[in-house]
*Asks:* 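Mind having a look at this structure? Questions to follow.
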Amino acid sequence: MPSPGDKAALLAIMAALGQPEPPYPDNFCCDWYYVICDDIGRVVGLELFQHAELTGTIPDAVGDLTHLKDLLLHKLPALTGPIPPAIGKLTNLTMLRISWTGVSGPVPSFLGALKKITFLDFSFNSLSGAIPASLGSIPNLSGINLSRNRLTGAIPSFISKTADQVYLWLSHNNLTGPIPAEFAAVNFAHLDLSRNALTGDVSGLFGGGKELDYIDLSRNSLNFDLSGVVFPEGVESVDLSHNAIRGHIPAQVAYVDDLRYFNVSYNRLCGALPTGGKTPEFDLYDYQHNRCLCGAPLFRPCKK
């Protein structure tokens, strides 16, 4: 039997968003298409997506769904305002996804109190301000997507070093400063920090024994020597373009078996391009606009 309190909370949520009538008035709320219940009738999932007619701010009544594990608010263009403190009452949340909305304001520091979260997606919103360091107190947080917002300031050391594999998207923001040195000890599988204004040395993100399969650091202001970098054996995509990276391209690149995409264009690299192995799969656009790279497929032969 569904909880009366949960049903009341759901009705209050939908009324606040301009939908006062439930989708199926004669059925239990657990039968509503956007609601997921557990075996005893408690609401554990609320998934509202692609509803242009839902308007207003995130209702405080969301915080009354105390058994909620998964909250999805996706492609709701008329959803506006900040992420409310009521979200902080949802201590059973494992997934919190608010994406492709008009939500604005800061990423709240109170999220650090939600210790069960494993995946956090706030992408494609209008969030601003700094990334709160309190996210680092969530022990099993292994997926974070804050891309396509207006975030500023430095990236804090907010990623668990104990997670098996970490997926982090921070692209298309206004983040500045160096990437935390602590990130070198994080087991990233997917890392996208592209299109910010990050600086410094990121060579610690690489290494032969790492499980990294995708990394995009393009369109920043990174400045380090690529010559001694060892690429992970299983990496499939590396984009370091549009930075200020110097040195030469390690010959090992040619023998990374899974590598499908490799772009170091628009940097300050020099020396002969690696040959053999995978190199015929890369074209001149992957190497163009460097200081003094030479060799095929560039039209600049190396001097003997």
Side-chain angles (χ1 to χ4, degrees), residues 1-38 40-129 132 134-135 138 141 144-146 148-151:
M1 184 70 179
S3 163
D6 287 354
K7 183 174 183 179
L10 289 169
L11 291 172
I13 291 166
M14 298 309 293
L17 294 174
Q19 299 291 313
E21 295 296 328
Y24 308 108
D26 297 331
N27 292 349
F28 294 130
C29 62
C30 291
D31 294 329
W32 299 349
Y33 64 88
Y34 50 79
V35 174
I36 301 169
C37 291
D38 61 15
I40 61 172
R42 298 308 301 262
V43 174
V44 295
L46 177 61
E47 300 183 346
L48 300 173
F49 55 93
Q50 294 182 321
H51 281 281
E53 69 276 12
L54 296 182
T55 62
T57 60
I58 299 174
D60 287 339
V62 168
D64 296 329
L65 295 173
T66 55
H67 285 243
L68 203 63
K69 295 181 180 180
D70 180 7
L71 176 59
L72 170 65
L73 305 174
H74 177 64
K75 288 194 174 180
L76 307 178
L79 187 69
T80 58
I83 298 170
I87 297 288
K89 297 165 60 178
L90 302 175
T91 55
N92 288 304
L93 275 182
T94 59
M95 289 195 292
L96 176 57
R97 296 171 288 170
I98 303 171
S99 58
W100 293 78
T101 75
V103 168
S104 59
V107 178
S109 59
F110 64 71
L111 295 174
L114 303 180
K115 304 300 185 185
K116 296 182 181 180
I117 287 185
T118 60
F119 188 78
L120 181 68
D121 183 0
F122 288 163
S123 61
F124 289 86
N125 292 300
S126 297
L127 298 172
S128 58
S134 62
L135 295 180
I138 304 175
L141 183 59
I144 305 171
N145 191 345
L146 302 178
R148 302 272 183 169
N149 280 286
R150 301 170 185 173
L151 301 175

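From a predicted model like this one, the values you see are computed outputs, not experimental measurements.
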*Asks:* Can the SG atoms of Cys30 and Cys37 be said to lie under 2.5 Å from each other?
*Replies:* yes
*Asks:* Does a side-chain heavy-atom distance below 4.5 Å link Leu68 with Val44?
*Replies:* no
*Asks:* Show me the donor-acceptor pairs within less than 3.5 Å that the side chains of residues 100-114 make with the rest of the protein, sequence neighbours left out.
*Replies:*
unit_1	atom_1	unit_2	atom_2	d
Thr101	OG1	Val103	N	3.0
Thr101	OG1	Asn125	OD1	2.5

*Asks:* Before giving the answer on side-chain contact (heavy atoms from CB on, under 4.5 Å), spell out for Asp6 and Val35 the whole-Å C-alpha distance, their side-chain angles and the decisive distance to 0.1 Å.
*Replies:* CA-CA 10 Å; Asp6 287 354; Val35 174; over 6 Å; no
*Asks:* Return the OH to CD distance between Tyr34 and Glu47, rounded to the nearest 0.5 Å.
*Replies:* 12.5 Å
*Asks:* Could you tell me which non-hydrogen atom of Thr57 sits nearest to which non-hydrogen atom of Gly81, and how far apart they are?
*Replies:*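 Where Thr57 meets Gly81 most closely, the heavy atoms are CG2-CA, 4.1 Å.
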*Asks:* What do the steps show when you test Leu120 against Asn145 for side-chain contact (heavy atoms from CB on, under 4.5 Å), and what is the final call?
*Replies:* CA-CA 6 Å; Leu120 181 68; Asn145 191 345; over 6 Å; no
*Asks:* Got a sec, which residues hit ring-ring contact (aromatic ring centres under 6.0 Å, His included) with Phe122, two or more places apart in sequence or on another chain?
*Replies:* none
*Asks:* Work out which heavy atom in Ala61 is nearest to a heavy atom in Ile13; give both atom names and the distance.
*Replies:*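 Ala61 and Ile13 have their closest heavy atoms at CB-CG1, 3.8 Å.
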*Asks:* Sequence neighbours excluded, which residues qualify as side-chain contact (heavy atoms from CB on, under 4.5 Å) partners of Ile138?
*Replies:*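 With neighbours one apart ignored, the set is Ile117, Leu135, Leu141.
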*Asks:* Evaluate Ile36 against Val43 for side-chain contact (heavy atoms from CB on, under 4.5 Å), listing each step before the verdict.
*Replies:* CA-CA 6 Å; Ile36 301 169; Val43 174; over 6 Å; no
*Asks:* Which residues pass the side-chain hydrogen bond (donor to acceptor under 3.5 Å, both in side chains) test with Thr80, not counting sequence neighbours?
*Replies:* none
*Asks:* Could you give the distance from CD1 (Ile87) to CD1 (Ile98), rounded to the nearest 0.5 Å?
*Replies:* 5.0 Å
*Asks:* Between Phe49 and Lys75, is any pair of side-chain heavy atoms under 4.5 Å apart?
*Replies:* no
*Asks:* List in chain and number order the residues that pass side-chain hydrogen bond (donor to acceptor under 3.5 Å, both in side chains) with Glu53, two or more places apart in sequence or in another chain; answer none if no residue qualifies.
*Replies:*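 Checked Glu53 against side-chain hydrogen bond (donor to acceptor under 3.5 Å, both in side chains); matches are His51.
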*Asks:* Just verifying a value: how many Å separate Thr118 OG1 and Leu96 CG, rounded to the nearest 0.5 Å?
*Replies:*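 Reported to 0.5 Å precision, the distance equals 10.5 Å.
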*Asks:* Which residue pairs satisfy the salt bridge (charged side-chain N to carboxylate O under 4.0 Å, His left out) criterion with at least one member in residues 101-110, sequence neighbours excluded?
*Replies:* none
*Asks:* In Å and rounded to the nearest 0.5 Å, what is the CG to CG distance from Leu65 to Leu10?
*Replies:* 5.0 Å
*Asks:* So, do Leu79 and Thr55 sit near enough that their side-chain heavy atoms are less than 4.5 Å apart?
*Replies:* no
*Asks:* Can you tell me which residue pairs pass the side chain to side chain donor-acceptor pair (under 3.5 Å) test with a partner in residues 61-72, sequence neighbours excluded?
*Replies:*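 Residue pairs passing side chain to side chain donor-acceptor pair (under 3.5 Å), neighbours aside: Arg42-His67, Asp64-Lys89, Asp70-Arg97.
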*Asks:* Can you check side-chain contact (heavy atoms from CB on, under 4.5 Å) on Ile58 and Leu17, steps first, answer last?
*Replies:* CA-CA 8 Å; Ile58 299 174; Leu17 294 174; over 6 Å; no
*Asks:* Under the side-chain hydrogen bond (donor to acceptor under 3.5 Å, both in side chains) test, which residues partner Lys116, sequence neighbours left out?
*Replies:*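 Listed in chain order: Asn92.
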*Asks:* Does any pair with a residue in residues 118-127 pass salt bridge (charged side-chain N to carboxylate O under 4.0 Å, His left out), and if so which ones, sequence neighbours excluded?
*Replies:* none
*Asks:* Output the distance between atom CG (Leu146) and atom OG (Ser123), rounded to the nearest 0.5 Å.
*Replies:*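 With rounding to 0.5 Å, CG (Leu146) is 8.5 Å from OG (Ser123).
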*Asks:* Roughly how far, to the nearest 0.5 Å, is CG of Leu72 from OG of Ser99?
*Replies:*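 Taking OG in Ser99 and CG in Leu72, the distance rounds to 6.5 Å.
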